[in-house]
Amino acid sequence: MKNKIIQILHTELADLFTIDNLRKVLETPPNDEMGDFALPCFSLAKQLRKSPKLIAEDLADKFKEIKEFSKVEAVSGYLNIFLDNDWIIKQVLEQSLSKTYGQGHTSTKTVLEYCSPNTNKPLHLGHLRNMAIGESTARILQHGGHDVIKTCIFNDRGVHICKSMLSYQDFGKGQEPEEIAMKSDHFVGDYYVKFAQEAKKNANYEAKALEMLEKWEAGNQEVVALWEKMNKWAFSGFNETFKLFGTSFDKEYYESKIFKNGKEIILDGLEKGIFKKRQDGAIIADLEKDGLGEKVLLRSNGTSVYIVQDIYLAYLKNQDFSYDKSIYVVGNEQEYHFTVLKRILQMLGASYADGIQHLSYGMVELPEGKMKSREGTVVDADDLIMNTAQLAKEEILKRYENMETSEVDKRSLAISLAAIKYQLLKTETSKNMIFNPKEAIRFEGDTGPYLLYSYARASSILRKADIALNTNPWPANASEMKLIKKISKFPEVLNDSIHKLIPSMLANFAYELCQTFNHFFHECPVLKSDYTAQRLALVTSFRNTIGIVLNLLGIDKLEEM
RNA sequence: GCGCCGCUAGCUCAGCUGGAUAGAGCAACGCCCUUCUAAGGCGUGGGUCAGGGGUUCGAAUCCCUUGCGGCGUGCCA
């Protein structure tokens, strides 16, 4: 809708503004009494040698006769535009009743990497934020028209993996997770914790883990068999959590399969003079002029450091998918790493380097500070989901004493996930956030369940309606118009969210949309009204829009709650 | 040391490329269920937008500076 307004304005103002300029300056006034859109005229004052006040007044005259505008006002340097209600209603209902509302078109192919866990411990709260952002970003880009390939790199080898293996070997007594009915990745994780405890007492324990890594790299049968066994436990546990959480990957990469690759790329770069061999024999990328220092790529003993694997993986992904964009959902602590990665690929002249983008998100911290696995302050992903579901269950039983168990379970899980996902998504994506597990997850106010509840309320009305909806404009009141206008903002918000790659913007919009709906719900009876058919259209439009938004956030809807 | 990021109500956060009186939720207090779901709605109180300079017609937003906090700066991953 904003686009149409811009077009109308541009036909009269072509000598003052380009379309892009108008898009930039045209804003929404702080409240409805000031109009639907406002054009600040201050920037024109110098150019036209007139006061902003006079300019606004002149412009107001120009747009008097536009049929889409019901009123145009000059107020202290602003040109305030009031749209014709009937026109807005028609515009919005025309678009927002469709499943494709807000959908964009582009031929961009985008590879998205997220989650990427180590296989020595189960997924925790940090992974949950990563997955919430990753899954949601994938869906948002898809709705924007991107062809999205979701990928995950499993860090399934290395000293840290050997640590849990070593302590299992020493203390596990051959026990299997099934024997004690434990989720298998948790079982593995417990031995990782056990390792840390042991390493405190035993100074040689770290060295023993390194020894084991050497054996693994040499292909020692016993060690490899242990590695396979424990990784299988880790993966089987991860898969349960992925399923529970509602995420999946189109392509999985494994560090163990690629960690040796990439050396050729570096050596080739050395030959071409892109990289340098230092006095001590290490091969480095000189990034001094970018203010990034010297980055070692191959150690003096010829082995590669971690970033080489990422260089190779970027190359491999391009081989596999020949992408336009490659987005990495990784915490902000790795900003340096991804800046360096992109820069090095650019130095190598890789065609795919410019498409690389780090979606840097903020860390999840506890009120006491950072989560530390060694101190047992890590909030486990499965535990959090199930504990929150338990709380939701209690809330449900307060309301419906005799509900069938299967239905209670279904709803409580949906509510739990909505609560968790929304909480992790709503804070500005790049910002660190504090998560207080003791306060648990709330179900009231600015929360996921509030969104579900709003959707369910709309569904409930529509279930009870026995007449067809009518999309013809009607004399809509203030709360109806507010809702219609809020619905009309969805495409703009989605666009912003895509271009800035910030899913939190959409989460915040979801809340505002529901707030507006709940206000309408309270003010305007639908089924007992002179405009039932029209209000049904509005409720349908809301339900469809919030339905799309919830889906983009990765949140499953409930028809009843 | 150097670099990046953050600081908005008691708490958790919006406020997006500078715009009109700075907004929510939670917590506190008060009101609204014989009317479509009260996991809801309405209201009251609560602010030196960390401090100080500057740019501008206009600054929570941009620049400088101080303070506090976080992260990074490995031949770790």
Side-chain angles (χ1 to χ4, degrees), chain A residues 24-25 27 29-31 34 38 40 42-43 45-46 51-52 75-78 80 118 155 157-161 255 259 278 280-284 291-293 295-307 309-310 331-337 339 360 362-363 365 367 369-370 392 395-396 398-399 415 419 423 426-428 430-436 439 442-454 456-465 496-497 499-500 502 504-505 507-508 511-512 514-515 518-519 521-529 532 535-536 539 560-561:
Chain A
K24 237 180 192 175
V25 296
E27 57 186 62
N31 65 55
M34 296 174 168
F42 309 97
S43 59
K46 264 187 194 160
S51 76
V75 181
S76 54
Y78 288 90
N80 287 345
N118 297 335
N155 299 112
R157 52 128 253 142
V159 214
H160 49 302
I161 310 299
E255 186 182 340
F259 78 106
R278 216 164 50 182
D280 56 8
I283 292 170
I284 57 130
L292 298 168
K295 179 68 194 169
V296 170
L297 301 170
L298 298 185
R299 301 181 182 103
S300 31
N301 68 7
T303 59
S304 53
V305 302
Y306 184 80
I307 199 166
Q309 178 188 309
D310 253 356
N332 56 17
E333 54 196 357
Q334 293 204 39
E335 275 168 11
Y336 173 79
H337 173 80
T339 308
S360 167
M363 302 282 95
E365 285 164 25
K370 266 194 109 174
E395 292 296 318
I396 293 168
K398 268 188 224 165
R399 294 167 176 81
I415 291 167
Q423 175 148 345
K426 73 171 179 164
T427 300
E428 221 263 280
S430 70
K431 277 190 182 175
N432 288 2
M433 59 177 289
I434 292 174
F435 182 99
N436 191 340
E439 283 181 24
R442 295 178 193 282
F443 297 133
E444 283 148 33
D446 185 6
T447 65
Y450 177 89
L451 308 180
L452 291 185
Y453 185 68
S454 310
R457 277 179 140 183
S459 292
S460 170
I461 294 175
L462 297 177
R463 262 197 311 276
K464 287 175 182 160
D496 262 16
S497 179
H499 287 120
K500 295 171 184 167
I502 307 179
S504 59
M505 297 180 84
N508 283 301
Y511 177 62
E512 286 170 22
C514 288
Q515 255 186 329
N518 280 318
H519 181 75
F521 182 91
H522 186 256
E523 296 279 310
C524 309
V526 175
L527 300 177
K528 286 179 188 165
S529 153
T532 294
R535 285 182 174 170
L536 282 174
V539 172
E560 286 181 68
M561 199 170 143

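Computed from a predicted structure; not experimentally measured. In the text below, chain A, chain B and the rest are named by the order of the sequence lines, each starting its count at 1.
Heavy atoms of A:Asp310 sit nowhere under 4.0 angstrom from any nucleic acid atom. Residue A:Tyr450 is in sugar-phosphate contact alone, with no base atom involved, counting any heavy-atom pair closer than 4.0 Å across all strands shown. Within the 4.0 angstrom heavy-atom criterion, no nucleotide atom of any strand lies near A:Leu462. Using a 4.0 Å heavy-atom cutoff across all strands shown, A:Leu527 reaches at least one base atom of the nucleic acid. At a threshold of 4.0 angstrom between heavy atoms, the contacts of A:Lys370 are confined to the sugar-phosphate backbone, with no base atom among them.
Qualifying side-chain contact (heavy atoms from CB on, under 4.5 Å) partners for A:Thr532, counting only residues two or more places apart in sequence or in other chains: A:Ile467, A:Ser529, A:Leu536. By the salt bridge (charged side-chain N to carboxylate O under 4.0 Å, His left out) test, A:Arg157 pairs with A:Glu217, A:Glu255, sequence neighbours left out. Listed by chain and number, the residues in a side-chain contact (heavy atoms from CB on, under 4.5 Å) with A:Ser454 are A:Tyr450, A:Cys514, A:Phe517, A:Asn518, A:Phe542 (sequence neighbours excluded). Residues forming a ring pair (Phe, Tyr, Trp, His ring centres under 6.0 Å) with A:Phe443 (at least two apart in sequence, or on another chain): none. Scored by the salt bridge (charged side-chain N to carboxylate O under 4.0 Å, His left out) test, A:Glu27 finds no partners at all (sequence neighbours excluded). By the ring pair (Phe, Tyr, Trp, His ring centres under 6.0 Å) test, A:Tyr78 pairs with A:Phe42, sequence neighbours left out. Applying the side-chain contact (heavy atoms from CB on, under 4.5 Å) rule to A:Ser51 yields the partners A:Lys53, A:Leu54; only residues at least two apart in sequence or on another chain are considered. Under the salt bridge (charged side-chain N to carboxylate O under 4.0 Å, His left out) criterion, A:Arg278 pairs with A:Asp280, A:Glu294, not counting sequence neighbours. Residues satisfying the salt bridge (charged side-chain N to carboxylate O under 4.0 Å, His left out) criterion with A:Asp446, sequence neighbours excluded, are A:Lys426.
Closest to the A:Asn508 side chain, of the nucleotides B:U17, B:A14, B:C36, is B:A14.
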Heteroatom pairs (N/O) under 3.5 angstrom, protein to nucleotides 5-10 of chain B:
unit_1 : atom_1 : unit_2   : atom_2 : d
B:C7   : OP1    : A:Lys431 : NZ     : 3.1

Could you pull out the protein-nucleic contacts involving nucleotides 74-77 of chain B (nitrogen or oxygen on both sides, under 3.5 Å)?
unit_1 : atom_1 : unit_2   : atom_2 : d
B:C75  : O3'    : A:Arg299 : NE     : 3.2
B:C75  : O2     : A:Ser300 : OG     : 3.3
B:C75  : N3     : A:Ser300 : OG     : 2.7
B:C75  : N4     : A:Asp280 : OD1    : 3.2
B:C75  : N4     : A:Asp280 : OD2    : 2.0
B:C76  : OP2    : A:Arg299 : NE     : 3.3
B:C76  : OP2    : A:Arg299 : NH2    : 3.3
B:A77  : OP1    : A:Arg299 : NH2    : 2.8
B:A77  : OP2    : A:Arg299 : NH2    : 3.2
B:A77  : OP2    : A:Tyr306 : N      : 3.3
B:A77  : O3'    : A:Glu255 : OE2    : 3.1

Per-nucleotide protein contact string for nucleotides 21-26 of chain B, where B marks a base within reach and S marks sugar-phosphate only (heavy atoms under 4.0 Å, - for neither): B--SSS
